[in-house]
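First up is the structure itself, then whatever we jot down about it.
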Number of protein chains: 2
Amino acid sequence: MKKIKKPESLADQAYNLIRKDILTGILAPNEELREEKLAIELGISRTPLREAIRRLATDGLVVLKTGKPASVSSFTKEDALHQMEVRKLLETYNIEQVARFVTPTFLNTLRDNLKLQKQASDKNDFHEFMELDREFHLILANQNPNTKLREMIHTINTGVNRAFLILANTYPISAMEASGEHEDIFTALENKDEVAATKAMLEHMDNIERRFLHYYKKG
Amino acid sequence: MKKIKKPESLADQAYNLIRKDILTGILAPNEELREEKLAIELGISRTPLREAIRRLATDGLVVLKTGKPASVSSFTKEDALHQMEVRKLLETYNIEQVARFVTPTFLNTLRDNLKLQKQASDKNDFHEFMELDREFHLILANQNPNTKLREMIHTINTGVNRAFLILANTYPISAMEASGEHEDIFTALENKDEVAATKAMLEHMDNIERRFLHYYKKG
DNA sequence: GTTGTGTATTCTGTATACAGTATATGCGAA
DNA sequence: TTCGCATATACTGTATACAGAATACACAAC
């Protein structure tokens, strides 16, 4: 039977709202999150807002300094590269595992996603593409039975995407190269070729890093 | 110049206290953390306590269900094995990197730790040994310049150690096999042999898993 | 004895009030 | 003008108060 859906708590809603604003760049790095001001803006009290902010802090999206207002976290080039190094490790490990248990449903889900990616790419709808990109890697991760690994991939990808997004906002077109690389990964999975899949993922990761550095120099 | 140390906030103190109690097993899995009751016990109000509990939840040490009391998280055999799989990946990757940049200070720190491990092992002081074990892996992780990787190793090791601790409480002696394995890792690092170091770490991880399963069957 | 229902209790989620501290402002002295 | 200091302001950290939901329990009906 279907469960009755409970309304999200105010803290949850605040968390999701602020998170989205940070990830889409509406809230810029180093921007201060003054509790009372923000609470009034959101129409809630400080208590649930504080909870949301603390949670964002453990995600690494905001930083807390005792007695001072929380602020949106900034990150250096080094931070971004560190995250990508870990992401590379996790994503390649994951796809090697996943490639061994390819199911038709799994392939179909990926195929659907890729189709939408192509459409977004053709329309130059960059934000939509970013979202689908995130989803693509999510689908891959969720195929792994190891829940802990899944969690970690989710977290690290959020961080990386944020770094990338902020830069890529200025250079959207080139980022869509990724679409082709996703296709390569898919083909390897379709052929149940775990070696090729791992290789394709590794190349994808290297290319992301390359693009990041390219944009970074320019930006 | 040395910074003036500020007193920890009540929330921080509560976090550390409860965390320790969970990790040492004083608070058993599934035990409920009733806010008002706990707050009174700790001599603080619910507000900072709530913050502490939420933070523990993101660490995976307690689970929250809306409207119901938070409870100390339990874990299945599968959870533990998942965590160990990820740990294996991260720790072997890390040591391969670290083995390339071995400094004398680093070796000395490890040597000191190993000496203490041996002493604890000889005295059958299991809790002390567990603490040093944790520290040993912490030293290895902290040698890596990648802060993100360090963070992740810390988190995952906390989880694994907890799983292991609870079981191992009943079978302390055999867990001290680990001491010898740590020595092997150290020797490989001393020789700046990254292949041997990686191999030693992998064996260590496999042995931890083996011991876990052995205890699990018995327990 | 078992099932169902209503009530009492207890707990969380949220709002608000208060205290202490850090920051900003303004004024006077050098 | 510039520095020092005092005062005012604003913000966080914490406590408490209140409302609504979940649970436990008792009692009635079968």
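Since the structure is predicted, the reported quantities are computational estimates derived from the model, not experimental observations. Every chain is numbered from 1 and lettered A, B, ... according to where its sequence line falls, protein lines coming before strand lines. Just the heavy atoms: all of them, side chains too, but no hydrogens, waters or symmetry mates, feed the values below.
In this structure, the CG atom of A/L42 is 13 Å from the P atom of C/dT14, given to the nearest Å. Following rounding to the nearest Å, A/R34 (CZ) and D/dT9 (P) show an atom-to-atom distance of 17 Å. The distance between atom NZ of B/K65 and atom C1' of D/dA21, rounded to the nearest whole Å, is 16 Å.
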Give every donor-acceptor pair under 3.5 Å between a side-chain atom in residues 98-110 of chain A and any protein atom, sequence neighbours left out.
residue : atom : partner : partner atom : Å
A/R100  : NE   : A/E194  : OE2          : 3.0
A/R100  : NH2  : A/E194  : OE2          : 3.3
A/T103  : OG1  : A/F106  : N            : 3.2
A/N108  : OD1  : A/R111  : NH2          : 3.2
A/N108  : ND2  : A/P104  : O            : 3.4
A/T109  : OG1  : A/T105  : O            : 2.7

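Looking at A/Q143 and A/N94, their side chains never bring a donor and an acceptor atom within 3.5 Å of each other.
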Protein-nucleotides 15-18 of chain D N/O pairs under 3.5 Å:
residue : atom : partner : partner atom : Å
D/dA15  : OP2  : B/S45   : N            : 2.8
D/dA15  : OP2  : B/S45   : OG           : 2.6
D/dA15  : O5'  : B/S45   : OG           : 3.4
D/dA15  : N7   : B/T47   : OG1          : 2.8
D/dT16  : O4   : B/T47   : OG1          : 3.4

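Axis angle across the helix from C/dG1-D/dC30 to C/dA30-D/dT1, with five pairs used at each end and values rounded to 10°: 0°.
In this structure, B/D125 has no salt bridge (charged side-chain N to carboxylate O under 4.0 Å, His left out) partners at least two apart in sequence or on a different chain.
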Can you check side chain to side chain contact (heavy atoms under 4.5 Å, CB included) on B/K148 and A/R87, steps first, answer last?
CA-CA 10 Å; B/K148 195 71 199 173; A/R87 187 186 182 192; over 6 Å; no
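Residue pairs satisfying the salt bridge (charged side-chain N to carboxylate O under 4.0 Å, His left out) criterion with at least one member in residues 46-56 of chain B, sequence neighbours excluded, are listed as follows: A/R50-B/E51, A/E51-B/R50, A/E51-B/R54, A/R54-B/E51, B/D12-B/R55, B/E35-B/R46, B/E35-B/R50, B/E51-B/R55.
Of the side-chain N and O atoms in A/K68, none sit less than 4.0 angstrom from OP1 or OP2 of D/dT12.
Within a heavy-atom distance below 4.0 Å of DNA chain C, no residue of residues 50-63 of chain A is found.
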